[in-house]
Amino acid sequence: MKSILLRMGELFLKGENRCIFENILITNIRKKLEGLNYTLERTRGRVLISNYDNRSEIIERLRNVFGLVSLSEAEEMDAEVETIRSYFKKMKVDGTFKVEVNRADKRFPISSMEFAAMLGGDVLDANPNASVELYHPQTLIRVDIRSNKKAYVFDKSLPCQGGLPLGSSGKALLLLSGGIDSPVAGYMMAKRGLKLQALHFYSYPYTSQQAKQKVISLAKILCDYVDEIKLHCVSFTKVQEEIHANCAAEYMVTLMRRIMMRIAEIISKRENLGAIVTGESLGQVASQTMQGMTVTEDALESLPLFRPCIGMDKEDIVKISKEIGAFETSILPYEDCCTVFLPKNPVIKPKLEKVKQEEQNLNLQKLIDDALAGEEIIYIKRGE
Ligand code: ATP
Ligand code: MG
């Protein structure tokens, strides 16, 4: 019978908390496999999936579960010497190979080394053209003998996402624009165990309906990994018009970003989210200088701002964007609300005092309240 062997990553490092992490991981695996037929079994340090019919779909979904490092499809059999040997005697092997045995169950009567040599002999008997190569074998055949009295034989491992189980680090609000960076930032933080909600600001009619649709598509791509996202859409038109009409043009972006932060913090607190995430990267654009970011995050009262892309080159961000399948959508040519009223010469090193003075020209409270009054919530789920 075929089974899929799942390997957990850093969970091993978590000491007493390991059990909690494992439970979250198992719940997440079940959620990811919703709607498919399978059985799940836990043995020490491994999760086993068997009795499945839709093999490729199961494997594709499992590969997107955070907290799993790799998986192998294996042949499952009773952990009896003769049963395993008779399977090896029928095995077809070409070229060079090596057999490796891992005994998680030490009650198995033969030592790992001895048994590997025995099985290697069985393969050689059945395959006159095969030969043993211990250092660089073309095929590495592994036998995993588990405490459930079953043995698993496999020769391939597929990498999974790694990271920590989704939700094991808490929940956060991702500021999701239509660009390349913010979906990558969301993916990176989700990989470290943060469950995500998202917030998007749009500037209809200055930005099109398609721009919003693009953000919904990006959130849906993230759902391949995080299963579901509650997306908050807030109109930023009035805020931008008011800043444009009442404040110094070069402070436009700085002022906008501070209001974005305030709105993000209010939503986060209401939704019980513990951090805010953006796709900012040091020096990438005028507002992402050290001084610019200092002034931006000053607008937050108490929540931390996570910027996982901060030290990354654009190339590195693009690489991840492509890997997670977001890139083609991110580069669709619809304008972002930030580009609409973009001044010719934005301040590179804004001074907090000056920014606060400019804010005096606005009725901040009313702008924020009005923006939130028009908040629209869209529930996005994987596969819908
Ligand atoms: P991105 O590629 O993510 O759009 P960017 O390099 O274009 O980023 P900015 O436009 O300055 O940079 O935005 C920096 C960050 O601010 C974004 O990564 C995102 O987290 C947030 N942000 C920008 N615009 C919006 C928006 N319209 N709605 C929500 N968040 C936004
Ligand atoms: Mg942008």
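Remember, it's 1-based here, ligands and their atoms both numbered in the order they're listed.
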Any N/O pair Lys314/ligand 1 closer than 3.5 Å: no

Per-residue contact class, Val253 against ligand 1 - non-hydrogen pairs under 4.0 Å: neither

Atom of Pro350, atom of Val295 and distance for their closest heavy-atom approach: O-CG2, 3.7 Å

Contact check, side chains of Lys354 and Gln357, non-hydrogen atoms, under 4.5 Å: yes

Contact atoms of ligand 1, heavy-atom distance to Leu199 under 4.0 Å: 29 (C)

Salt bridge Lys31-Glu228, side-chain N to carboxylate O under 4.0 Å: yes

Separation between CE of Met91 and CZ of Phe97, rounded to the nearest 0.5 Å: 9.0 Å

Atoms in ligand 1 flagged as close to Ser287, the criterion being non-hydrogen separation under 4.0 Å: 11 (O)

Nearest option to atom 9 (P) of ligand 1, as decided by whichever heavy atom of Arg307, Glu280, Gln288, Met256 sits closest: Gln288

Under the ring pair (Phe, Tyr, Trp, His ring centres under 6.0 Å) test, residues paired with Tyr225 that sit two or more places apart: Tyr187

Per-atom contacts of ligand 1 with Gly279, taking only distances under 4.0 Å to non-hydrogen atoms: 17 (C), 18 (O), 20 (O)

Polar contact flag for Thr278 and ligand 1 (N/O pairs, less than 3.5 Å): no

Atom indices of ligand 1 within 4.0 angstrom of Ile180 heavy atoms, with elements: 2 (O)

Full working for side chain to side chain donor-acceptor pair (under 3.5 Å) between Arg142 and Ser157: CA-CA 10 Å; Arg142 296 200 278 176; Ser157 283; 3.2 Å; yes

Interfacing atoms of ligand 1 (cut-off 4.0 Å, heavy-atom, Gly179): 1 (P), 2 (O), 4 (O)

Least distance between heavy atoms, Pro308 atom then Thr278 atom: CD-O, 3.6 Å

Shortest reach to atom 26 (C) of ligand 1 by a heavy atom, considering only Phe201, Phe236, Tyr202: Phe201

Residues Glu265, Lys269: salt bridge by 4.0 Å N-O rule: yes

From the candidates Val215, Leu173, Leu175, the one that places a heavy atom nearest atom 20 (O) of ligand 1: Leu175

